[in-house]
2 protein chains.
Amino acid sequence: MAKPRAAETRKRTRIQQEKEDRILEAALDVFSVHGFRGSTIDQIAKAADMSKPNLLYYFRTKEAIHRLLIGRLLDTWLDPLREMKADGDPLSEICSYIRRKLEMARDYPREGRLFTNEILRGAPHIQDELRDLKSLVDEKSKIMLGWMKDGRLARCDPHHLIFSIWATTQHYADFDVQVRAVLGPGKAGAGRFDDAARYLEKLFLEGLKP
Amino acid sequence: MAKPRAAETRKRTRIQQEKEDRILEAALDVFSVHGFRGSTIDQIAKAADMSKPNLLYYFRTKEAIHRLLIGRLLDTWLDPLREMKADGDPLSEICSYIRRKLEMARDYPREGRLFTNEILRGAPHIQDELRDLKSLVDEKSKIMLGWMKDGRLARCDPHHLIFSIWATTQHYADFDVQVRAVLGPGKAGAGRFDDAARYLEKLFLEGLKP
DNA sequence: TGTAATCTTTACCAATTGATCAAATTTTTC
DNA sequence: GAAAAATTTGATCAATTGGTAAAGATTACA
């Protein structure tokens with residue numbers, strides 16, 4: 001008896017494994033540029049080099065692909081923030097956080113844009129996750145307030161401090177086209193991330209030292 | 001003889017004026033959330049409270065509306081940067097720039113998101129403008145390098161400095177949903193922009209003073 | 001007030017879209 | 001090597017999409 005869709009099988013076949021990966025890879029390419037509504041199954045199928053019905057054999061709907069991608073993304077996206085520990089040196093902790101976020105922007109720009117697309121749309125599918133995000137940020141904010149009270153970090157609004165780290169690092173994924181256009185052929189090479197890291201480190205280190 | 005489309009008439013009628021404004025207003029709402037491909041004429045027409053053919057009487061195509069909106073946006077978007085003058089006090093000039101960009105994020109969030117959508121898509125329609133942008137940024141970078149040489153501004157990469165201002169201010173338009181979710185009902189009111197301004201001013205002032 | 005120009009509506013069209021189905025093909029398993 | 005399971009394909013569908021044609025309604029203006 002042929003299963004109607006591959007997704008339900010207990011054990012993933014070799015083919016299933018490979019095709020699903022190819023689809024997700026292609027979908028990430030397409031979704032991250034055009035957003036959910038702006039992307040078509042045909043487009044994704046073509047990018048994955050297979051027919052549309054074939055693709056739909058592995059994922060029931062367009063939304064199923066998108067949901068899976070978003071889910072995977074959210075799972076790892078906040079890891080760097082989770083790693084910020086109260087018992088570390090405040091400025092080093094913040095610098096590490098910036099560095100890690102910048103590495104993510106460099107190594108996973110499509111994931112970053114997928115997330116930004118979702119937020120731009122009003123985050124319709126990740127309301128729960130936003131709630132989790134709030135509690136994580138609140139928790140880390142408390143740590144920072146402690147550092148400030150101890151005179152180990154400049155007094156400021158920790159929420160907005162976190163926003164500014166998100167913004168400055170994510171910028172290099174979302175606005176990549178603009179960044180490259182502005183830097184010009186000479187400075188838009190791979191080294192731009194090192195330049196960014198150097199600049200951001202200085203800005204935040206000087207800006208936040210007590 | 002009835003003109004096929006209203007746009008070509010020399011003088012704009014009262015009705016033309018009003019309807020075109022209503023369409024652009026509605027289109028800005030829709031495009032800024034869903035992007036170009038994710039938005040439909042029906043959607044825009046409904047938001048503008050008119051029938052689709054009626055809307056298409058004023059704008060030939062969906063793209064015509066989008067082009068006009070993008071054009072208008074780019075026209076005013078860079079004004080704050082243009083206003084940065086070499087003969088001002090470096091830190092005050094930068095602070096004013098931040099304040100103005102933040103006001104734009106507060107007062108014109110839809111325009112900001114429209115722009116971000118366009119950039120996320122790879123900026124297909126604004127290649128020329130990106131070239132103009134580069135020369136403007138290069139020009140202002142030279143001014144900043146002068147300030148640094150004179151010891152009136154901390155030494156850093158001026159391009160990345162400008163990026164960080166764009167990123168931190170634009171963040172409050174693009175990631176508004178996330179910002180509000182994280183701040184929570186207590187602090188997500190209109191005052192969040194004042195908090196942001198206070199924080200950013202401190203960060204950049206301390207981070208960039210020589 | 002009459003008429004020409006402008007505006008609006010109804011009906012429509014061809015292309016694209018997300019998705020289905022049964023038949024044909026390939027792969028795995030015994 | 002045959003049966004069973006998994007995979008692929010081509011044909012198809014209903015809904016949506018961007019856009020048009022033409023007739024009817026309204027407005028501006030002499």
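Throughout, a chain's letter reflects where its sequence line sits, starting with A, and its residues are numbered from 1.
Computed from coordinates, the Asn54(B) CG to dG19(D) C1' distance equals 14 Å when rounded to whole Å. dT27(C) atom P lies 13 Å from atom OH of Tyr57(A), rounded to whole Å.
Counting all heavy atoms, side chain and backbone alike, Tyr172(A) lies closest to Leu200(A) at CE1-CD1, 4.4 Å.
For the pair Thr169(A)/Ile98(A), a side-chain contact is recorded, criterion being any heavy-atom separation below 4.5 Å from C-beta on. Inter-residue side-chain proximity for Cys156(A) and Met148(A) is flagged as met; some heavy-atom pair is nearer than 4.5 Å. In this structure, the side chains of Thr116(B) and Asp174(A) stay at 4.5 Å or more apart for every pair of heavy atoms.
Side-chain contact, Glu111(A) with Ser32(A): no donor N or O sits under 3.5 Å from an acceptor N or O.
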Polar-atom pairs under 3.5 Å, protein N or O versus N or O of nucleotides 26-30 of chain D: list them with distances, or write none.
unit_1  : atom_1 : unit_2   : atom_2 : d
dA28(D) : OP1    : Arg14(B) : NE     : 3.1
dA28(D) : OP1    : Arg14(B) : NH2    : 3.0

For nucleotides 11-16 of chain C, list the nitrogen or oxygen atoms of the protein found under 3.5 Å from its nitrogen or oxygen atoms, one pair per line.
none

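Taking the six-membered ring where the residue is Trp, Phe36(A) and His66(A) present tilted rings, their angle falling between 30° and 60°. Under the 30°/60° scheme for interplanar angles, the aromatic rings of Phe115(B) and Trp77(B) are found to be tilted. Relative ring orientation between His171(A) and Trp166(B) is described as tilted, the plane-to-plane angle lying within the 30° to 60° band.
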